[in-house]
2 protein chains.
Amino acid sequence: MTSEADLAWIASVVGDPARLRILLSLMDGRARTAKELAFLARIAAPTASGHLAKLLDSRLVAVEPQGRHRYFRIASPLVAQMVETMSAVAGDASPGDRRLRRIDPALAAARTCYDHLAGRLGVAIADALQARGHVAFGDGSGEVTASGRAFFAALGLDLAEAGHGRRVFCKPCLDWTERRHHIAGGLGAAFCGHCLSAGWIRRHRDSRAVEVSPEGRVALAELLGVDGQALTSGWPERAAA
Amino acid sequence: MTSEADLAWIASVVGDPARLRILLSLMDGRARTAKELAFLARIAAPTASGHLAKLLDSRLVAVEPQGRHRYFRIASPLVAQMVETMSAVAGDASPGDRRLRRIDPALAAARTCYDHLAGRLGVAIADALQARGHVAFGDGSGEVTASGRAFFAALGLDLAEAGHGRRVFCKPCLDWTERRHHIAGGLGAAFCGHCLSAGWIRRHRDSRAVEVSPEGRVALAELLGVDGQALTSGWPERAAA
DNA sequence: CGATCGCTTCGGCCGTGCGCGAAGCGTCCG
DNA sequence: CGGACGCTTCGCGCACGGCCGAAGCGATCG
């Protein structure tokens, strides 16, 4: 019952041509400003603003304000999958779909992004750390709380070293496949290095994919207080919301 | 470009609450009459008729007239998947979804329906035989063409025996998982028997699922002029349409 | 600290399309 | 062959919602 009404609402939101164009414009995973989206959807700025409000309200897109800009992006991979499935029904899948479908499953599960962790694993770690209050993400940056400093120190991470120099210490990085944030910066690199040296994850031979070892799964699950399976295959987002 | 317009059209079609209720009413795979759907969607008969016309036009539902009734059903598994994905986005998946997701993959690929073949295999066979003009489906019944009689005779099927008695000879049977037709009746049983005795398929131990042997895949692919992989995992429907 | 910029809110116009009652057409039954 | 039944088409009323111009708000920059 409640589900039917929600579904009708979602369907009506995506049913509008202009809103659909907005969603399609965001399907490459990038975040765009309202003005940009207004141009891409071929509507005036006020109209786009109204549409974006509805898309936000229905949780199809998410927003992150940065200064006087607001960057909009697809809220979750599930939304992207919905649009792709609708494209498939609408006829031959568009070229864009093909690319998105061909993501290597191993890369999507866990990989490195420069020197830190990304993919479902990276996002799950960021989720858990945020949920436990060890890190907090603000606008375009993040910070480590007092409990977080103790947490990472107990792991043996040298935070002073990680925060050294001109490098940003803790910063949310938009995950390409998950369309949500993982942790970059010196902290992300230090945590990734710890996982590697502890044998929790292994680098794949000739890819940025990483594999979580059985011991690593157990250790990370206990460390973060989450289900081990959810680390690389789950949808912890729902529970967090 | 063309794809965007098609997608917008599909989205607007499913975006209407009444049409969505119609689709949801059909999600169990059963075919229903217009009047039934009008009641389930809580709208008057003329309104439902208009909605059904749009749903037909956009190929989201299919219809088969039987006497003075018209039975509507979900057009393809892809459409069902679309509705399910939208439900997932809308919030907690409805109970109906769960059931549909839990279909045994082996059963969905190939199984017996009483004494004939069903699942993707059964539908692929029916598609191919119809495409090659060996069988033809009319309203609720089907018949074997002249070329079809020669085709089955060459296989060694005794059509006289299969058509014996009061049993219907060749009849389309709505496939539970594919929501499209496979071949039932004496002909369907005879063909299934031939596949078994030739070793093309094997019955699963304690399930109605059947497995296609490597030789069977080759033999059936050549016999029907289709890709071997498509027999149990493909989407030949698109090419046929 | 005023100017500029990005975005949202407000107000009013207008078109699309959903809704139903009544009538028309084809099918089945007694 | 007449009546019942199922479905569709026609016609019209009505309301919801998209659309934009102008104004308001907050933030940034010189």
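Please read all numbers here as calculations on a predicted model, not as lab measurements. Naming: A, B, ... by sequence-line order, numbering from 1 per chain.
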Check: For DNA chain C, whose closest nucleotide is more 5', that of B:Asp16 or that of B:Arg68?
Finding: B:Asp16

Check: How close or far is atom P of D:dG17 from atom NE2 of A:His51, stated in whole angstroms?
Finding: 12 Å

Margin query: Please report the interatomic distance OG(A:Ser25) to CZ(A:Arg30), rounded to the nearest 0.5 Å.
Written below: 12.0 Å

Checklist line | Closest heavy-atom pair and its distance - B:His182, B:Val123 | finding: CB-N, 4.0 Å

Note to self: Rounded to whole Å, please give me the gap between CG in A:Leu52 and P in C:dC7.
What the structure shows: 9 Å

Check: Separation of A:Glu64 atom CD from C:dC7 atom P, in whole Å?
Finding: 14 Å

Next item on the list: Could you check B:Leu56 against A:Ala44 and say which one's nearest nucleotide on DNA chain D is further toward the 5' end?
Entry: B:Leu56

Notebook entry, point to check: Rounded to whole angstrom units, what separation is found between the CZ atom of A:Arg42 and the C1' atom of D:dC19?
Noted result: 15 Å

Item checked: Nearest-Å distance for atom pair CD/P, residues A:Glu36 and C:dC7 -> 9 Å

Check: Which nucleotide, C:dC18, D:dG17, C:dT8, lies nearest any side-chain atom of B:Arg19?
Finding: C:dC18

Next item on the list: Look at the side chain of B:Pro46 and decide which nucleotide, out of D:dC19, D:dT9, C:dG19, has an atom nearest to it.
Entry: D:dT9

Next item on the list: Calculate the interatomic distance between B:Ile43 atom CD1 and C:dC18 atom P; express it in whole Å.
Entry: 10 Å

Check: Considering only side-chain heavy atoms of B:Lys54, which listed nucleotide, D:dC20, C:dC7, C:dG17, is closest?
Finding: C:dG17

Check: Within the pair B:Thr47 and C:dG19, is there a side-chain N or O less than 4.0 Å away from OP1 or OP2?
Finding: no

Item checked: Exercise: identify the closest heavy-atom pair between A:Gly119 and A:Arg111 -> CA-NH1, 3.4 Å

Next item on the list: Determine the minimum heavy-atom distance between A:Arg149 and A:Val144, stating which atoms define it.
Entry: NH1-O, 3.3 Å

Note to self: Measuring to OP1 and OP2 of C:dT8, would you say a side-chain N or O of A:Arg70 lies under 4.0 angstrom away?
What the structure shows: yes

Margin query: Just the rounded figure in Å: distance from P of C:dG6 to CZ of A:Phe39.
Written below: 15 Å

Next item on the list: Nearest whole angstrom, please: distance from the P of C:dG17 to the CG of B:Asp57.
Entry: 13 Å

Note to self: Once you apply a heavy-atom cut-off of 4.0 Å, does A:Ala53 come out as touching a base, just sugar-phosphate, or nothing?
What the structure shows: nothing

Next item on the list: Could you tell me the separation between the CG atom of A:Leu7 and the CG atom of B:Leu20, rounded to the nearest 0.5 Å?
Entry: 4.5 Å

Next item on the list: Would you mind telling me which of D:dC19, C:dG19, D:dG18 lies closest to the side-chain atoms of A:Ala18?
Entry: D:dC19

